[in-house]
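Everything below concerns the one structure shown next.
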Amino acid sequence: MPHFEISESPIDVARLRELLLGTGAGAYASFEGWVRDRNDGRAVQALTYESYRTLAEAEGAAILAEAHTRFDIQQAACVHRVGRLALGELAVWVGVSAAHRGPAFDACRWIIDEVKSRVPIWKHEHYAEGGQQWLHPSPQEDGR
Amino acid sequence: MPHFEISESPIDVARLRELLLGTGAGAYASFEGWVRDRNDGRAVQALTYESYRTLAEAEGAAILAEAHTRFDIQQAACVHRVGRLALGELAVWVGVSAAHRGPAFDACRWIIDEVKSRVPIWKHEHYAEGGQQWLHPSPQEDGR
Amino acid sequence: MSVTVLYFASLRDAAGVDSEVLDLPASLAGLYESLRARHGFALGREKLRVAVDGAFANWTDPVADGAEIAFIPPVSGG
Amino acid sequence: MSVTVLYFASLRDAAGVDSEVLDLPASLAGLYESLRARHGFALGREKLRVAVDGAFANWTDPVADGAEIAFIPPVSGG
(Lines give C-alpha, C1' and ligand atoms only; values in the text may rest on other atoms or scores of the structure.)
Protein backbone atom coordinates (compact mmCIF):
# COMPACT_ATOMS: atom_id res chain seq x y z
CA MET A 1 0.00 0.00 0.00
CA PRO A 2 1.62 3.28 -1.08
CA HIS A 3 2.18 5.57 1.87
CA PHE A 4 2.90 9.24 1.33
CA GLU A 5 2.62 11.73 4.13
CA ILE A 6 3.12 15.42 4.80
CA SER A 7 4.17 15.68 8.44
CA GLU A 8 4.23 18.63 10.80
CA SER A 9 6.15 16.66 13.43
CA PRO A 10 9.60 15.03 13.28
CA ILE A 11 9.87 12.03 10.97
CA ASP A 12 10.17 8.74 12.86
CA VAL A 13 12.48 6.76 10.59
CA ALA A 14 12.53 3.67 12.79
CA ARG A 15 8.73 3.36 12.66
CA LEU A 16 8.62 3.93 8.90
CA ARG A 17 11.35 1.38 8.28
CA GLU A 18 9.30 -1.18 10.23
CA LEU A 19 6.39 -0.57 7.85
CA LEU A 20 8.51 -1.88 4.99
CA LEU A 21 9.91 -4.96 6.71
CA GLY A 22 8.78 -8.38 5.56
CA THR A 23 10.43 -11.76 5.21
CA GLY A 24 9.87 -11.75 1.47
CA ALA A 25 11.97 -8.63 0.89
CA GLY A 26 15.67 -9.12 0.31
CA ALA A 27 16.58 -5.49 -0.25
CA TYR A 28 15.74 -2.16 1.30
CA ALA A 29 17.00 1.19 0.04
CA SER A 30 16.32 4.46 1.78
CA PHE A 31 17.06 8.12 1.26
CA GLU A 32 17.05 10.98 3.75
CA GLY A 33 17.32 14.68 3.01
CA TRP A 34 18.63 16.71 5.91
CA VAL A 35 18.63 20.46 6.47
CA ARG A 36 22.09 21.68 5.54
CA ASP A 37 23.91 24.53 7.23
CA ARG A 38 24.77 25.98 3.83
CA ASN A 39 22.99 26.33 0.51
CA ASP A 40 24.56 27.75 -2.62
CA GLY A 41 27.44 29.16 -0.59
CA ARG A 42 25.29 31.01 1.96
CA ALA A 43 25.08 30.06 5.63
CA VAL A 44 21.53 29.00 6.43
CA GLN A 45 20.19 29.89 9.87
CA ALA A 46 16.65 28.60 9.69
CA LEU A 47 14.41 26.90 7.22
CA THR A 48 10.68 26.46 6.74
CA TYR A 49 8.86 24.11 4.39
CA GLU A 50 5.32 24.86 3.29
CA SER A 51 3.02 22.65 1.25
CA TYR A 52 -0.31 22.76 -0.52
CA ARG A 53 -1.26 19.77 1.50
CA THR A 54 -4.25 18.37 -0.42
CA LEU A 55 -2.42 18.43 -3.71
CA ALA A 56 0.93 17.38 -2.22
CA GLU A 57 -0.58 14.25 -0.68
CA ALA A 58 -2.41 13.37 -3.90
CA GLU A 59 0.71 13.93 -6.01
CA GLY A 60 2.91 12.02 -3.57
CA ALA A 61 0.54 9.06 -3.58
CA ALA A 62 0.49 9.17 -7.40
CA ILE A 63 4.30 9.06 -7.48
CA LEU A 64 4.38 6.01 -5.22
CA ALA A 65 1.69 4.26 -7.27
CA GLU A 66 3.64 4.99 -10.45
CA ALA A 67 6.83 3.64 -8.84
CA HIS A 68 5.02 0.32 -8.34
CA THR A 69 4.24 0.15 -12.06
CA ARG A 70 7.76 1.15 -13.15
CA PHE A 71 9.87 -0.97 -10.80
CA ASP A 72 9.70 -4.51 -9.42
CA ILE A 73 9.35 -3.46 -5.79
CA GLN A 74 7.36 -4.63 -2.80
CA GLN A 75 6.70 -1.51 -0.75
CA ALA A 76 7.46 2.18 -1.07
CA ALA A 77 6.85 5.06 1.30
CA CYS A 78 7.75 8.72 1.61
CA VAL A 79 7.28 11.36 4.28
CA HIS A 80 8.06 15.05 3.84
CA ARG A 81 8.31 17.39 6.79
CA VAL A 82 6.72 20.85 6.79
CA GLY A 83 6.99 23.78 9.18
CA ARG A 84 10.09 25.24 10.75
CA LEU A 85 13.11 22.89 10.82
CA ALA A 86 16.38 23.22 12.69
CA LEU A 87 19.78 22.62 11.05
CA GLY A 88 20.49 18.91 10.76
CA GLU A 89 16.81 17.94 10.99
CA LEU A 90 15.31 15.42 8.64
CA ALA A 91 13.28 17.06 5.87
CA VAL A 92 12.34 14.08 3.72
CA TRP A 93 12.56 10.30 3.91
CA VAL A 94 12.01 7.69 1.19
CA GLY A 95 12.11 3.92 1.74
CA VAL A 96 11.66 1.09 -0.74
CA SER A 97 11.71 -2.69 -0.26
CA ALA A 98 12.14 -5.22 -3.06
CA ALA A 99 13.32 -8.75 -3.73
CA HIS A 100 16.53 -7.44 -5.29
CA ARG A 101 18.71 -4.39 -4.76
CA GLY A 102 18.61 -3.01 -8.31
CA PRO A 103 14.90 -2.10 -8.29
CA ALA A 104 15.11 -0.95 -4.65
CA PHE A 105 17.82 1.60 -5.49
CA ASP A 106 16.27 2.63 -8.81
CA ALA A 107 12.82 3.21 -7.32
CA CYS A 108 14.15 5.05 -4.27
CA ARG A 109 16.09 7.46 -6.45
CA TRP A 110 13.26 7.91 -8.91
CA ILE A 111 10.81 8.69 -6.09
CA ILE A 112 12.96 11.39 -4.50
CA ASP A 113 13.64 12.93 -7.93
CA GLU A 114 9.91 13.03 -8.69
CA VAL A 115 9.00 14.36 -5.25
CA LYS A 116 11.51 17.18 -5.65
CA SER A 117 10.24 18.09 -9.10
CA ARG A 118 6.47 17.56 -8.79
CA VAL A 119 5.14 17.77 -5.24
CA PRO A 120 3.92 21.24 -4.20
CA ILE A 121 6.29 21.89 -1.30
CA TRP A 122 8.36 25.04 -1.00
CA LYS A 123 11.46 25.83 1.01
CA HIS A 124 12.02 29.18 2.68
CA GLU A 125 15.53 29.99 3.86
CA HIS A 126 16.75 32.54 6.41
CA TYR A 127 20.42 33.40 5.99
CA ALA A 128 22.95 34.03 8.76
CA GLU A 129 24.20 37.13 6.94
CA GLY A 130 20.60 38.43 6.81
CA GLY A 131 17.99 38.07 4.13
CA GLN A 132 15.53 35.33 3.34
CA GLN A 133 13.80 33.89 0.32
CA TRP A 134 11.42 31.31 -1.04
CA LEU A 135 13.24 28.92 -3.37
CA HIS A 136 11.62 28.55 -6.78
CA PRO A 137 14.29 26.75 -8.75
CA SER A 138 14.23 26.11 -12.47
CA PRO A 139 14.11 22.38 -13.19
CA GLN A 140 17.80 22.23 -14.15
CA GLU A 141 19.10 23.83 -10.95
CA ASP A 142 17.87 21.34 -8.39
CA GLY A 143 21.32 20.32 -7.17
CA ARG A 144 20.85 16.60 -7.55
CA MET B 1 36.77 7.79 8.77
CA PRO B 2 35.78 4.67 6.83
CA HIS B 3 34.05 2.16 9.05
CA PHE B 4 33.70 -1.45 7.96
CA GLU B 5 32.78 -4.16 10.39
CA ILE B 6 32.11 -7.88 10.48
CA SER B 7 29.58 -8.41 13.26
CA GLU B 8 28.58 -11.54 15.13
CA SER B 9 25.66 -9.77 16.79
CA PRO B 10 22.58 -8.09 15.27
CA ILE B 11 23.28 -4.90 13.32
CA ASP B 12 22.12 -1.78 15.16
CA VAL B 13 20.99 0.44 12.27
CA ALA B 14 19.93 3.33 14.48
CA ARG B 15 23.40 3.57 16.03
CA LEU B 16 25.15 3.32 12.66
CA ARG B 17 22.92 5.96 11.13
CA GLU B 18 23.87 8.30 13.98
CA LEU B 19 27.54 7.83 13.07
CA LEU B 20 26.86 9.43 9.70
CA LEU B 21 24.80 12.37 10.89
CA GLY B 22 26.26 15.85 10.61
CA THR B 23 24.87 19.27 9.87
CA GLY B 24 26.98 19.53 6.74
CA ALA B 25 25.38 16.52 5.07
CA GLY B 26 22.31 17.14 2.95
CA ALA B 27 21.80 13.60 1.76
CA TYR B 28 21.94 10.13 3.25
CA ALA B 29 21.41 6.92 1.30
CA SER B 30 21.33 3.50 2.89
CA PHE B 31 20.96 -0.09 1.81
CA GLU B 32 19.95 -3.13 3.82
CA GLY B 33 20.09 -6.75 2.74
CA TRP B 34 17.70 -9.00 4.62
CA VAL B 35 17.53 -12.78 4.82
CA ARG B 36 14.85 -13.88 2.38
CA ASP B 37 12.55 -16.83 2.88
CA ARG B 38 13.27 -18.00 -0.66
CA ASN B 39 16.34 -18.12 -2.91
CA ASP B 40 16.32 -19.26 -6.50
CA GLY B 41 12.86 -20.78 -6.04
CA ARG B 42 13.73 -22.86 -2.96
CA ALA B 43 12.29 -22.21 0.50
CA VAL B 44 15.12 -21.27 2.85
CA GLN B 45 14.86 -22.45 6.44
CA ALA B 46 18.10 -21.21 7.93
CA LEU B 47 21.16 -19.35 6.82
CA THR B 48 24.70 -18.93 8.06
CA TYR B 49 27.31 -16.42 6.93
CA GLU B 50 30.99 -17.14 7.45
CA SER B 51 33.91 -14.80 6.77
CA TYR B 52 37.67 -14.83 6.64
CA ARG B 53 37.59 -12.02 9.09
CA THR B 54 41.07 -10.50 8.80
CA LEU B 55 40.88 -10.29 5.04
CA ALA B 56 37.19 -9.31 5.00
CA GLU B 57 37.80 -6.34 7.27
CA ALA B 58 40.83 -5.23 5.26
CA GLU B 59 38.96 -5.57 1.96
CA GLY B 60 35.88 -3.83 3.34
CA ALA B 61 37.96 -0.91 4.60
CA ALA B 62 39.67 -0.72 1.19
CA ILE B 63 36.28 -0.54 -0.54
CA LEU B 64 35.15 2.33 1.69
CA ALA B 65 38.43 4.18 1.16
CA GLU B 66 38.08 3.73 -2.59
CA ALA B 67 34.48 5.01 -2.43
CA HIS B 68 35.83 8.24 -0.93
CA THR B 69 38.15 8.71 -3.90
CA ARG B 70 35.47 7.84 -6.50
CA PHE B 71 32.51 9.82 -5.15
CA ASP B 72 32.00 13.23 -3.55
CA ILE B 73 30.76 11.88 -0.24
CA GLN B 74 31.22 12.77 3.41
CA GLN B 75 30.98 9.48 5.29
CA ALA B 76 30.50 5.85 4.38
CA ALA B 77 30.08 2.78 6.54
CA CYS B 78 29.20 -0.88 6.12
CA VAL B 79 28.51 -3.73 8.52
CA HIS B 80 28.08 -7.36 7.49
CA ARG B 81 26.63 -9.92 9.84
CA VAL B 82 28.13 -13.40 10.25
CA GLY B 83 26.91 -16.50 12.06
CA ARG B 84 23.45 -18.03 11.99
CA LEU B 85 20.67 -15.66 10.93
CA ALA B 86 16.90 -16.07 11.15
CA LEU B 87 14.55 -15.28 8.25
CA GLY B 88 13.97 -11.54 7.97
CA GLU B 89 17.15 -10.68 9.85
CA LEU B 90 19.47 -7.99 8.60
CA ALA B 91 22.54 -9.44 6.87
CA VAL B 92 24.26 -6.31 5.60
CA TRP B 93 23.91 -2.55 5.96
CA VAL B 94 25.54 0.27 3.98
CA GLY B 95 25.14 3.97 4.74
CA VAL B 96 26.56 6.99 2.94
CA SER B 97 26.24 10.71 3.64
CA ALA B 98 27.02 13.46 1.15
CA ALA B 99 26.20 17.05 0.32
CA HIS B 100 24.00 15.92 -2.59
CA ARG B 101 21.87 12.89 -3.30
CA GLY B 102 23.53 11.81 -6.55
CA PRO B 103 26.87 10.83 -5.00
CA ALA B 104 25.13 9.40 -1.92
CA PHE B 105 23.10 6.96 -4.06
CA ASP B 106 25.96 6.18 -6.44
CA ALA B 107 28.43 5.42 -3.65
CA CYS B 108 25.93 3.36 -1.64
CA ARG B 109 25.18 1.17 -4.62
CA TRP B 110 28.82 0.86 -5.64
CA ILE B 111 29.81 -0.18 -2.11
CA ILE B 112 27.23 -2.96 -1.83
CA ASP B 113 28.14 -4.21 -5.32
CA GLU B 114 31.82 -4.31 -4.39
CA VAL B 115 31.18 -5.94 -1.01
CA LYS B 116 29.16 -8.67 -2.68
CA SER B 117 31.81 -9.33 -5.30
CA ARG B 118 35.06 -8.89 -3.33
CA VAL B 119 34.72 -9.39 0.41
CA PRO B 120 35.45 -12.95 1.61
CA ILE B 121 32.08 -13.80 3.12
CA TRP B 122 30.14 -16.94 2.25
CA LYS B 123 26.49 -17.83 2.62
CA HIS B 124 25.33 -21.29 3.62
CA GLU B 125 21.67 -22.14 3.09
CA HIS B 126 19.51 -24.87 4.64
CA TYR B 127 16.41 -25.64 2.60
CA ALA B 128 12.94 -26.45 3.92
CA GLU B 129 12.68 -29.39 1.51
CA GLY B 130 16.00 -30.73 2.86
CA GLY B 131 19.52 -30.19 1.61
CA GLN B 132 22.01 -27.43 2.20
CA GLN B 133 24.86 -25.77 0.36
CA TRP B 134 27.53 -23.13 0.39
CA LEU B 135 26.86 -20.53 -2.31
CA HIS B 136 29.83 -19.93 -4.61
CA PRO B 137 28.22 -17.95 -7.41
CA SER B 138 29.86 -17.01 -10.68
CA PRO B 139 30.22 -13.23 -10.98
CA GLN B 140 27.31 -12.94 -13.44
CA GLU B 141 24.76 -14.76 -11.25
CA ASP B 142 24.69 -12.50 -8.23
CA GLY B 143 21.04 -11.49 -8.57
CA ARG B 144 21.56 -7.75 -8.44
CA MET C 1 -20.55 33.52 -9.06
CA SER C 2 -17.10 33.45 -7.44
CA VAL C 3 -13.88 31.45 -7.04
CA THR C 4 -11.38 31.11 -4.20
CA VAL C 5 -7.71 31.63 -5.01
CA LEU C 6 -5.02 30.10 -2.78
CA TYR C 7 -1.52 31.58 -2.54
CA PHE C 8 1.66 29.77 -1.52
CA ALA C 9 5.29 30.67 -0.88
CA SER C 10 6.47 33.82 -2.69
CA LEU C 11 3.01 34.40 -4.16
CA ARG C 12 1.50 34.52 -0.69
CA ASP C 13 4.17 36.93 0.52
CA ALA C 14 3.48 39.20 -2.47
CA ALA C 15 -0.32 38.97 -2.14
CA GLY C 16 -0.16 39.46 1.62
CA VAL C 17 -2.97 36.94 2.14
CA ASP C 18 -3.33 33.13 2.09
CA SER C 19 -6.38 33.26 -0.13
CA GLU C 20 -9.02 35.55 -1.53
CA VAL C 21 -12.50 35.24 -3.02
CA LEU C 22 -12.85 36.78 -6.46
CA ASP C 23 -15.47 37.09 -9.18
CA LEU C 24 -15.64 34.14 -11.55
CA PRO C 25 -12.93 34.82 -14.15
CA ALA C 26 -13.17 34.17 -17.89
CA SER C 27 -10.05 32.02 -17.86
CA LEU C 28 -7.34 30.69 -15.53
CA ALA C 29 -4.62 32.34 -17.60
CA GLY C 30 -6.40 35.71 -17.58
CA LEU C 31 -6.96 35.43 -13.83
CA TYR C 32 -3.25 34.90 -13.17
CA GLU C 33 -2.24 37.79 -15.42
CA SER C 34 -4.62 40.19 -13.67
CA LEU C 35 -3.50 39.03 -10.21
CA ARG C 36 0.15 39.28 -11.26
CA ALA C 37 -0.44 42.92 -12.25
CA ARG C 38 -2.33 43.65 -9.03
CA HIS C 39 0.05 41.92 -6.54
CA GLY C 40 3.32 42.30 -8.44
CA PHE C 41 4.14 38.59 -8.67
CA ALA C 42 7.71 38.17 -9.94
CA LEU C 43 7.08 34.84 -11.65
CA GLY C 44 5.78 34.74 -15.20
CA ARG C 45 2.89 32.39 -15.91
CA GLU C 46 5.11 30.09 -18.02
CA LYS C 47 6.98 29.13 -14.80
CA LEU C 48 3.82 28.10 -12.94
CA ARG C 49 1.36 25.26 -12.92
CA VAL C 50 -2.26 25.71 -11.99
CA ALA C 51 -4.45 23.48 -9.84
CA VAL C 52 -8.24 23.45 -9.55
CA ASP C 53 -10.07 21.83 -6.64
CA GLY C 54 -6.94 20.06 -5.41
CA ALA C 55 -5.79 18.58 -8.73
CA PHE C 56 -3.41 19.85 -11.38
CA ALA C 57 -5.27 21.44 -14.29
CA ASN C 58 -4.54 22.98 -17.68
CA TRP C 59 -4.42 26.72 -18.15
CA THR C 60 -7.09 26.35 -20.83
CA ASP C 61 -9.57 24.42 -18.65
CA PRO C 62 -12.94 26.16 -18.10
CA VAL C 63 -13.55 27.67 -14.68
CA ALA C 64 -16.67 26.70 -12.72
CA ASP C 65 -18.47 28.70 -10.08
CA GLY C 66 -17.10 27.90 -6.61
CA ALA C 67 -13.79 26.51 -7.85
CA GLU C 68 -10.74 26.56 -5.61
CA ILE C 69 -7.80 27.71 -7.71
CA ALA C 70 -4.12 27.54 -6.77
CA PHE C 71 -1.15 28.85 -8.69
CA ILE C 72 1.83 26.56 -8.15
CA PRO C 73 5.23 28.25 -8.33
CA PRO C 74 8.31 26.08 -8.97
CA VAL C 75 8.58 23.63 -6.10
CA SER C 76 11.58 23.17 -3.80
CA GLY C 77 10.84 20.24 -1.51
CA GLY C 78 13.41 17.60 -0.59
CA MET D 1 59.81 -25.22 6.99
CA SER D 2 56.00 -25.20 6.95
CA VAL D 3 52.91 -23.18 6.07
CA THR D 4 49.42 -23.03 7.55
CA VAL D 5 46.48 -23.42 5.17
CA LEU D 6 43.06 -22.04 6.10
CA TYR D 7 39.83 -23.49 4.68
CA PHE D 8 36.49 -21.71 4.34
CA ALA D 9 32.96 -22.59 3.26
CA SER D 10 32.76 -25.59 0.88
CA LEU D 11 36.53 -26.10 1.04
CA ARG D 12 36.38 -26.54 4.80
CA ASP D 13 33.49 -28.97 4.51
CA ALA D 14 35.46 -31.02 1.97
CA ALA D 15 38.74 -30.88 3.93
CA GLY D 16 36.96 -31.65 7.20
CA VAL D 17 39.21 -29.21 9.09
CA ASP D 18 39.47 -25.42 9.49
CA SER D 19 43.19 -25.41 8.83
CA GLU D 20 46.22 -27.64 8.57
CA VAL D 21 49.99 -27.24 8.77
CA LEU D 22 51.84 -28.53 5.72
CA ASP D 23 55.39 -28.69 4.42
CA LEU D 24 56.51 -25.56 2.59
CA PRO D 25 55.23 -25.99 -0.97
CA ALA D 26 57.08 -25.07 -4.17
CA SER D 27 54.20 -22.85 -5.36
CA LEU D 28 50.72 -21.69 -4.34
CA ALA D 29 49.21 -23.12 -7.52
CA GLY D 30 50.88 -26.49 -6.97
CA LEU D 31 49.74 -26.51 -3.35
CA TYR D 32 46.10 -26.00 -4.35
CA GLU D 33 46.24 -28.69 -7.01
CA SER D 34 47.68 -31.24 -4.58
CA LEU D 35 45.13 -30.33 -1.91
CA ARG D 36 42.32 -30.46 -4.44
CA ALA D 37 43.35 -34.01 -5.35
CA ARG D 38 43.66 -35.03 -1.70
CA HIS D 39 40.40 -33.47 -0.39
CA GLY D 40 38.29 -33.64 -3.56
CA PHE D 41 37.57 -29.90 -3.84
CA ALA D 42 34.90 -29.34 -6.48
CA LEU D 43 36.16 -25.89 -7.50
CA GLY D 44 38.87 -25.52 -10.10
CA ARG D 45 41.73 -23.17 -9.28
CA GLU D 46 40.61 -20.67 -11.95
CA LYS D 47 37.51 -19.95 -9.81
CA LEU D 48 39.50 -19.13 -6.69
CA ARG D 49 41.65 -16.33 -5.38
CA VAL D 50 44.51 -16.91 -3.00
CA ALA D 51 45.51 -14.88 0.06
CA VAL D 52 48.78 -14.93 1.97
CA ASP D 53 49.12 -13.57 5.50
CA GLY D 54 45.74 -11.85 5.38
CA ALA D 55 46.11 -10.10 2.02
CA PHE D 56 45.15 -11.13 -1.50
CA ALA D 57 48.14 -12.51 -3.41
CA ASN D 58 49.00 -13.78 -6.88
CA TRP D 59 49.16 -17.47 -7.66
CA THR D 60 52.74 -16.93 -8.87
CA ASP D 61 53.96 -15.22 -5.67
CA PRO D 62 56.79 -17.04 -3.86
CA VAL D 63 55.87 -18.83 -0.63
CA ALA D 64 57.81 -18.07 2.56
CA ASP D 65 58.32 -20.29 5.57
CA GLY D 66 55.55 -19.74 8.13
CA ALA D 67 53.09 -18.19 5.69
CA GLU D 68 49.35 -18.37 6.36
CA ILE D 69 47.67 -19.31 3.10
CA ALA D 70 43.95 -19.15 2.35
CA PHE D 71 42.13 -20.28 -0.78
CA ILE D 72 39.17 -17.98 -1.42
CA PRO D 73 36.23 -19.60 -3.21
CA PRO D 74 33.69 -17.34 -4.95
CA VAL D 75 32.13 -15.09 -2.30
CA SER D 76 28.42 -14.78 -1.52
CA GLY D 77 28.02 -12.05 1.07
CA GLY D 78 25.24 -9.47 0.98
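Lettering follows sequence order; numbering is per chain, from 1. Side chains included, hydrogens not; waters and symmetry mates left out as well; all remaining heavy atoms used.
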Atom [atom1] of [X] and atom [atom2] of [Y]: how far apart are they, to the nearest 0.5 Å?
{"X": "C:R49", "Y": "A:R118", "atom1": "CZ", "atom2": "CZ", "result": "7.5 Å"}
{"X": "A:H136", "Y": "C:S76", "atom1": "NE2", "atom2": "OG", "result": "6.5 Å"}
{"X": "A:L55", "Y": "C:L6", "atom1": "CG", "atom2": "CG", "result": "10.0 Å"}

Donor-acceptor pair, side chain of A:W122 and main chain of C:P73, under 3.5 angstrom: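 Side chain of A:W122 to backbone of C:P73: a pair is present.
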
[X] atom [atom1]: more than 12 heavy-atom contacts under 6.0 Å:
{"X": "A:D12", "atom1": "CG", "answer": "yes"}
{"X": "A:Q133", "atom1": "CD", "answer": "yes"}
{"X": "A:R53", "atom1": "CZ", "answer": "yes"}
{"X": "C:D65", "atom1": "CG", "answer": "yes"}

Heavy-atom pair of closest approach, residues A:Y52 and C:A51: CE2-CB, 4.3 Å

Under 4.5 Å from a heavy atom of chain C, the part of A:E59 involved: side chain

A:S51 portion near chain C, given a 4.5 angstrom heavy-atom threshold: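 Just its backbone gets close to chain C.
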
Stepwise side-chain contact (heavy atoms from CB on, under 4.5 Å) test for C:V75 and A:L135: CA-CA 8 Å; C:V75 302; A:L135 301 184; over 6 Å; no

